[in-house]
There are 2 protein chains.
Amino acid sequence: MARERKFSQDELFSATKEFLLIHGYEGFTFLLLAERLHISRGALYKYYDNKDELITSYMIHELKQLLNRLQEVKQYVRFDDQFDFLMELIFTMPEVQQLIIIANQISANTNEKVKNNKEELTQLHMSMYQYLSDFVRLGRQEKKLKENIPDGLILGFIFQTIAIPNHYGVPHTEWVASIKEIISHGMFTNK
Amino acid sequence: MARERKFSQDELFSATKEFLLIHGYEGFTFLLLAERLHISRGALYKYYDNKDELITSYMIHELKQLLNRLQEVKQYVRFDDQFDFLMELIFTMPEVQQLIIIANQISANTNEKVKNNKEELTQLHMSMYQYLSDFVRLGRQEKKLKENIPDGLILGFIFQTIAIPNHYGVPHTEWVASIKEIISHGMFTNK
DNA sequence: TATTTTAGTAACGTTAGTGTCACTTTGATG
DNA sequence: CATCAAAGTGACACTAACGTTACTAAAATA
């Protein structure tokens, strides 16, 4: 290496995440990022040809981390334990859902690197889906999950409910416990 | 009137909705809209000073419609019936959640009209919240809702679950029935 | 210490969106 | 049919983001 960088990849990616969540795909710019990192806009082009390449690279990083932690689910034998683990995991990365949606706005691009990145993202998605459908399969084997509810909805509930805004600042543990309660046994009493 | 408009307010608003959902707040432009309506960009400035004013006006229109239909909830006396009505209603406007989030990106603006529009939107939100908290109160009175679950989460579940993507194209009635089932009694069997 | 390699800068032309304005078009009304 | 008011146009100046490039700065190494 000839000269030290003024910023770390970690700083770059966490700023990327922040701005993507605030401004969305179209509102995300290299200038914004450059200012945050105290470098000039031009410097960023040393590493990424355009924002699609940067964003997809960041998303690969983010999904790899998620996948890494997701595979720990295998350590749990019983469905209930897998469920608890999954809920905890997802609550540590509540923005991932939204980021995936934002990243999907990246259209078919002429850039070769972006194409490759998008393919890698698809692979990562599929790996994630593998773990999740194993989880559902286990639940069905153990007869823990109601038979008539489609797989996609079971996973959808688990992933979507973390995005419910906690407007009134209910304490985290209480909030999570309530969500797990509803997903498991509903919000209705049996009266 | 001196001359007929080339577009109706309905066309304008439905295009606005479409582009907002596709491109988000920052990606929404007057040119996009003008092309869709087969008019020049300049013509739009006859009606709205800028995109914030257009978007807030559109959102007022959208929320008024929702509120209009929401107040029918009063016609139902029993909590269960109100619940059914609410679920059906929300499923007819699944994008409203996302649109509200997008509209919230509009920052404090110097334009007086935009300020007024934003205030009107706040009012509409509060009216909506009134109906919804009446609904929750009824559920608690009838002892239909579990006591330990916070209000915000009950409403959050109802509003958030409509955004779960039905990737595998489960038929609508089946999908809605399953969502109601989970919200009411959970996805777990009692074994 | 001279060389090489990488990091970063600053300026350029380009493109796309913004808001404005003088102008033309259209159709209803006196 | 002349007039007027609203609808619509197209050009203008401006700004912000884009991607490129010739350049300078810094640090490792030979």
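Since we're looking at a predicted model, the values are computed, not measured. Chain letters run A, B, ... following the sequence lines, proteins first, then strands; residues in each count from 1.
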Donor on one side chain, acceptor on other, A/R41 and A/T29, under 3.5 Å: no

A/R5 vs C/dA7: side-chain N/O to OP1/OP2 distance below 4.0 Å: yes

Residue pairs involving residues 80-106 of chain B (criterion ring pair (Phe, Tyr, Trp, His ring centres under 6.0 Å); sequence neighbours excluded): A/F188-B/F83, B/Y76-B/F85, B/F91-B/H172

Pairing of B/D151 and B/R140 as salt bridge, 4.0 angstrom limit: yes

For A/D84, all residues meeting side chain to side chain donor-acceptor pair (under 3.5 Å), sequence neighbours excluded: A/K180

For A/K115, side-chain contact (heavy atoms from CB on, under 4.5 Å) partners two or more places apart: A/E112

Side-chain N or O of B/K6 closer than 4.0 Å to phosphate OP1/OP2 of D/dT9: yes

Those residues of residues 42-55 of chain A lying under 4.0 Å from DNA chain C by at least one heavy atom: A/G42, A/A43, A/K46, A/Y47

A/K64 (side chain) donor-acceptor with A/L124 (main chain) under 3.5 angstrom: no

Residues touching DNA chain D, which here means a heavy atom under 4.0 Å, drawn from residues 7-23 of chain B: B/F7

Distance flag, aromatic centroids of B/H23 and B/F28, threshold under 6.0 Å: no

Under 3.5 Å donor-acceptor pair, B/R3 side-chain atoms to D/dA7 base atoms: yes

Members of residues 31-41 of chain B that approach DNA chain C, where some heavy atom sits under 4.0 Å away: B/L31, B/R41

Residue from B/N111, B/T56, B/D52 passing side-chain hydrogen bond (donor to acceptor under 3.5 Å, both in side chains) with B/N117: B/T56

Residue from B/V77, B/V73, B/V136 passing side-chain contact (heavy atoms from CB on, under 4.5 Å) with B/Q82: B/V73

Cation-pi, A/F79 ring and A/K143 (6.0 angstrom, 45 degrees): no

